[in-house]
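For reference, the structure discussed in these notes is given below.
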Amino acid sequence: MDRYEPHEIERRWQAVWAEERTWETPNPGEPGFDDSKPKFYVTEMLPYPSGEPHVGHLKNYSLGDAIAHLRRRKGYQVIHPIGYDAFGLPAENNAIKTGQPPREAVEASIAAYQEQFRAWGLSFDWSREVSSHTPEYYRWTQWIFLRLFERGLAYRAEAPVQWCPVDQTVLANEQVIDGRCERCGSPVEARDLEQWFFRITEYADRLLADFDLLESWPEHVVTMQRNWIGRSEGAEVTFRCEGLGIDFPVFTTRPDTLFGATFFVLAPEHPELGRLVAGTGREDEVSAYVDESIRETPEERASEERAKTGAPLGRTVTNPVNGERIPIFVADYVLMEYGTGALMAVPAHDQRDFDFARAFDLPIRRVVVPRAEAEAAEGAGEGADEPFVGHTDDEVLVESGEFTGMGSVEAKSAIIASLRERGLGEPAVNYRLRDWLLSRQRYWGCPIPIVYCERCGIVPVPDEQLPVELPEVEDYAPKGKSPLAAAEQWVEVACPSCGGAARRETDTMDTFVDSSWYFLRYLDPHNVERPFDRSVADHWMPIDQYIGGVEHAILHLMYARFFIKAFADMGMLEAQEPFASLFTQGMITMGGAKMSSSRGNTVSAVRTVERYGADTSRTYVCFLGPPERGGDWHPDGVEGVHRFLTRLWRLGQEVVERTGDSAVGASATPGREAEPWAADPDTPGREAEEVSGRNLLAKANWAIDKVTRDIEHGFQFHTAIAAVMELVNDSYRLKDALYGDPDGDAALRFATATAASLIFPFAPHLGSEVYAALTGERVWERPWPEADRSLLERDTFTLVVQVNGRRRDQIEVATGLSEAELLELARASDNVRRHLDGKQVVKEVVVPGKLVNLVVRG
RNA sequence: GCCCGGGUAGGCAAACUGGUAAAGCCCGCGGCCUUAAAAGCCGCUGCCCGCAAGGGCGUUGCGGGUUCGAGUCCCGCCCCGGGCACCA
């Protein structure tokens with residue numbers, strides 16, 4: 001072989017890894033398990049198999065694989081599994097269009113993914129592979145559902161839901177973006193349906209508190225989840241409609257502004273509207289308003305620019321702090337799904353209430369003012385051109401009865417305490433987070449293991465009858481209810497409880513349910529007793545490094561966190577958090593734009609690998625730029641990386657030829673633990689500086705240090721690869737001068753083997769090939785090299801001499817000189833002297849090991 | 001509007017705690033090799049003077065500030081990307 005043939009090399013090493021099952025990792029207690037090694041669980045978000053994998057997948061798995069390889073060679077027992085998130089809408093939509101059953105389409109895609117993942121040389125433990133659409137897997141998804149049901153964490157409720165008229169299904173809040181369906185973009189509609197929910201809100205506080213348990217998550221992802229949970233503290237205060245004797249609790253974060261409440265507002269969906277308006281003579285006006293606002297899309301309703309609308313109900317409620325009767329309105333700026341669907345309006349201190357008050361000519365009463373204003377006896381009472389949404393620390397109450405003069409912060413608790421005594425209010429916490437709606441009126445998902453019996457009601461399917469298998473159907477098109485409803489023999493079932501006639505639940509689960517626990521099934525994929533064994537989970541969990549796209553920052557990651565907490569509460573495992581460290585990769589673009597088939601700017605990972613090989617493709621996606629940021633795909637850039645790998649390959653060939661493949665090993669003092677040059681005091685070049693090759697050894701050790709730090713400190717893969725490029729470039733520059741000299745040959749062999757060793761996490765086939773050519777050893781069985789510190793230390797350094805902060809000279813000087821000596825050397829420089837001429841040195845700055853700065857005047 | 005990122009050669013980017021700005025890759029230019037081309041190898045690639053050694057100047061979105069010294073810290077803006085947004 002006289003040129004770099006990536007495909008030949010890659011096929012050969014992949015065959016070794018497959019045959020020897022190199023990347024399989026046993027569980028504790030199984031043969032081959034090594035309990036002397038610390039565990040490391042690394043996994044990437046599992047793919048949704050659709051078509052064939054793209055460059056985004058290539059990047060995702062290349063990053064994870066590099067981490068896995070590094071950790072293995074650092075002495076960890078690494079588990080690195082893979083699976084498929086195979087249920088979901090795209091396969092079903094495809095089925096509706098083409099008639100191809102979703103199972104067939106998905107399994108064809110899975111085959112394509114498997115083929116690619118193998119061709120990419122990823123170090124997955126294939127013995128742990130799972131797919132969420134198989135009965136062996138979803139049996140346990142159903143089992144988990146039943147456990148949550150038993151604990152009251154899964155419940156059925158009628159609720160206004162968001163309905164996508166195109167996909168014909170209910171959507172979770174998280175799947176509605178600006179009032180539109182996340183998938184198809186059509187405006188969503190409101191409907192009332194009986195649906196299944198997971199009570200994630202019960203875990204809201206723990207989801208917030210346990211951010212503290214995380215080792216390394218991107219700050220912005222934590223922030224996004226915090227905002228999504230949207231915890232706010234305040235009070236629940238009861239306003240009573242005396243006329244009808246109905247109590248309206250409202251949530252407020254500003255109990256200190258209660259005396260400024262001048263009206264009261266209900267959401268158009270509020271259930272008490274009808275009773276309230278009855279007999280007031282305003283029925284027509286109100287019902288017209290309600291109809292109109294319910295017809296509007298949530299998007300239209302949410303527009304901030306829009307003027308406030310509403311209608312008076314002709315009734316009043318009593319403000320519990322001062323007994324004042326204030327009018328009730330209905331207005332669409334009040335959301336039924338937040339708080340109690342009702343609010344006290346304080347126009348002087350809330351922008352929205354202010355806008356409404358202006359539109360309806362309602363009184364605006366300031367009750368909180370900055371202390372300075374209060375002392376000047378200004379600001380209180382009516383008026384003001386804009387609301388004062390207090391955000392200074394020093395505000396006081398005015399015109400607030402007994403609380404007048406009190407600071408706003410104390411007033412909050414004082415007012416709550418006073419209300420509490422009278423049973424009219426108490427401290428309260430509210431969340432933006434809603435319970436997780438998991439029902440889908442769709443075919444291609446995990447069946448919900450529930451039966452409806454006329455006599456017994458909601459009956460869970462007993463564990464021994466699991467899985468409830470997804471039946472075959474003819475027609476996948478949704479008709480407002482699940483296609484499963486058409487499978488009559490499947491639907492009609494004997495009640496597990498009374499044996500009478502009953503019907504199965506025909507909705508399926510949101511696919512986020514499947515993907516909220518798959519990383520636990522990886523740990524014990526063939527267990528037929530339970531989803532996973534506790535002792536196995538306690539050994540491997542939590543995941544030490546999770547890698548995926550930032551687009552899952554909220555949904556998937558929070559659902560999985562919720563599941564783990566619920567599991568821990570059920571005693572299924574110890575871990576409270578699934579993902580100790582999270583890395584979110586940025587998207588690869590083309591010409592600065594997202595890749596999409598409609599733009600015609602997609603880059604096929606498959607074709608890139610066919611053309612350049614897996615090593616080039618993998619190294620390139622890691623070299624694109626900081627991986628969290630994403631980068632622009634550039635065909636010429638791929639060429640550049642390919643050139644680099646080719647150079648390394650050729651260097652390996654040439655060094656083997658020119659230095660003889662004799663005893664002068666590159667790695668190879670046999671039986672040694674570490675790279676021999678790294679630890680061996682007899683390393684050539686160490687003792688005598690003039691020996692050629694020392695610089696190259698120093699460079700190689702510098703590269704070891706740099707690559708290790710860059711990978712471990714925040715995924716700086718692009719600079720790590722650049723360091724190996726430098727090492728290879730230096731080897732090329734020096735090699736002709738070094739050949740023939742024993743130390744020179746040894747240095748070249750070491751440098752080349754080191755380059756192969758360091759590039760291995762990114763280009764595993766080439767790394768193995770070159771390393772084996774030089775050493776006869778398998779690089780993945782060698783420990784990750786450690787830099788020899790003594791070779792990193794230089795005995796001279798470049799002293800930069802500045803005059804007034806401008807560089808005037810640089811001198812090579814010995815390390816360890818005193819400040820006085822450095823100054824003397826600096827002043828001796830011709831060019832420096834020229835700049836000092838006729839001037840007075842007023843200050844001398846010496847930074848040891850770095851520079852001297854002479855500050856002059858005149 | 002609010003909260004995060006980011007703005008550095010022609011392009012992508014690097015620069016740990018303030019200490020020679022621009023490593024590496026691409027593009028471009030030149031040389032070697034070749035009958036020739038491709039590939040490969042070597043070199044150049046902010047501006048000015050110089051054959052050269054060298055010297056001078058400039059420079060990190062804009063404007064200020066702190067410092068002997070600022071891409072890095074502080075204040076005020078502009079632009080790009082992402083997230084949230086009538087959440088009481």
Side-chain angles (χ1 to χ4, degrees), chain A residues 3 178 218-224 226-228 230-232 234 250-254 257 265 267 301-306 308 331-335 337-346 349-353 355-356 430-433 550-551 553-554 586-587 589 592 620 623-626 628-641 643-644 646-647 650 706 709-710 713 716 718-726 728-729 732-733 736 798-810 830-831 834 841-856:
Chain A
R3 45 174 296 216
D178 289 334
E219 195 47 50
H220 67 277
V221 173
V222 173
T223 306
M224 281 162 79
R226 274 218 170 88
N227 292 341
W228 191 265
R231 182 183 204 273
S232 37
V250 300
F251 176 75
T252 178
T253 55
R254 295 293 307 274
T257 64
V265 197
R301 254 179 88 167
S303 165
E304 263 180 77
E305 290 82 53
R306 209 180 64 155
K308 292 279 177 287
D332 65 5
Y333 79 93
V334 178
L335 309 174
E337 58 274 17
Y338 188 79
T340 59
L343 60 81
M344 66 174 209
V346 185
H349 302 294
D350 181 281
Q351 184 69 49
R352 299 151 298 175
D353 297 345
D355 295 342
F356 191 86
N430 217 333
Y431 302 92
R432 209 193 78 114
L433 182 70
V550 73
E551 64 272 20
I554 299 173
M587 213 183 351
T589 55
Y620 177 63
F623 184 65
L624 264 174
E628 71 277 13
R629 236 193 272 165
D632 208 48
W633 186 277
H634 210 286
D636 288 332
V638 187
E639 292 279 359
V641 167
R643 229 173 343 244
F644 156 63
T646 305
R647 264 161 82 81
R650 258 191 289 112
K706 171 87 177 147
R709 275 187 294 121
D710 285 353
H713 292 218
Q716 300 290 320
H718 59 311
T719 51
I721 293 164
V724 184
M725 289 172 168
E726 282 195 57
V728 171
N729 290 346
Y732 264 80
R733 259 191 298 275
D736 290 331
T798 308
L799 178 73
V800 172
V801 186
Q802 298 180 332
V803 177
N804 281 354
R806 305 186 70 93
R807 183 171 58 92
R808 292 305 175 191
D809 202 357
Q810 51 193 50
D830 285 347
N831 200 40
R834 200 163 39 243
V841 175
V842 295
K843 185 165 182 172
E844 293 164 333
V845 181
V846 181
V847 182
K850 283 263 163 67
L851 61 72
V852 165
N853 187 13
L854 302 170
V855 185
V856 301

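Values reported hereafter were calculated over all heavy atoms of this structure, with side chains retained and with hydrogens, waters and symmetry mates removed. Residue numbering restarts at 1 for every chain, and letters A, B, ... go by the order of the sequence lines.
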Which atom pairs, one a donor and one an acceptor, fall under 3.5 Å between side chains of residues 799-807 of chain A and the rest of the protein, sequence neighbours left out?
{"residue": "A:Asn804", "atom": "OD1", "partner": "A:Val856", "partner atom": "N", "Å": "2.8"}
{"residue": "A:Arg807", "atom": "NH1", "partner": "A:Gln810", "partner atom": "OE1", "Å": "3.3"}

Under the side chain to side chain donor-acceptor pair (under 3.5 Å) rule, collect the residues that match up with [X], sequence neighbours excluded.
| X | answer |
| --- | --- |
| A:Asn831 | A:Arg834 |
| A:Asp736 | none |
| A:Thr798 | A:Glu812 |
| A:Thr719 | A:Asp710 |

Q. Who are the ring pair (Phe, Tyr, Trp, His ring centres under 6.0 Å) partners of A:Phe356, not counting sequence neighbours?
A.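 A:Phe356 satisfies ring pair (Phe, Tyr, Trp, His ring centres under 6.0 Å) with A:Phe263, A:Phe329, A:Tyr333, A:Phe360 once adjacent residues are dropped.
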Q | Residues in side-chain contact (heavy atoms from CB on, under 4.5 Å) contact with A:Val222, at least two apart in sequence or another chain | A |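 With neighbours one apart ignored, the set is A:Phe211, A:Trp217, A:Glu219, A:Arg226.
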**Q.** Under the side-chain contact (heavy atoms from CB on, under 4.5 Å) test, residues paired with A:Val846 that sit two or more places apart
**A.**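 Partners of A:Val846 by the side-chain contact (heavy atoms from CB on, under 4.5 Å) criterion, ordered by chain and then number, come out as A:Glu819, A:Leu822, A:Leu823, A:Val852.
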Please list each protein N or O that sits under 3.5 Å from an N or O in nucleotides 29-34 of chain B, with the distance.
none

Q: Quick one: list whatever passes salt bridge (charged side-chain N to carboxylate O under 4.0 Å, His left out) with A:Arg629, sequence neighbours left out.
A: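 With sequence neighbours excluded, A:Arg629 shows a salt bridge (charged side-chain N to carboxylate O under 4.0 Å, His left out) to no residue whatsoever.
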Close N or O pairs between protein and nucleotides 13-19 of chain B (under 3.5 Å):
{"residue": "B:A14", "atom": "OP1", "partner": "A:His718", "partner atom": "NE2", "Å": "2.7"}

Sub-3.5 Å pairs of nitrogen or oxygen atoms, protein against nucleotides 36-39 of chain B:
none

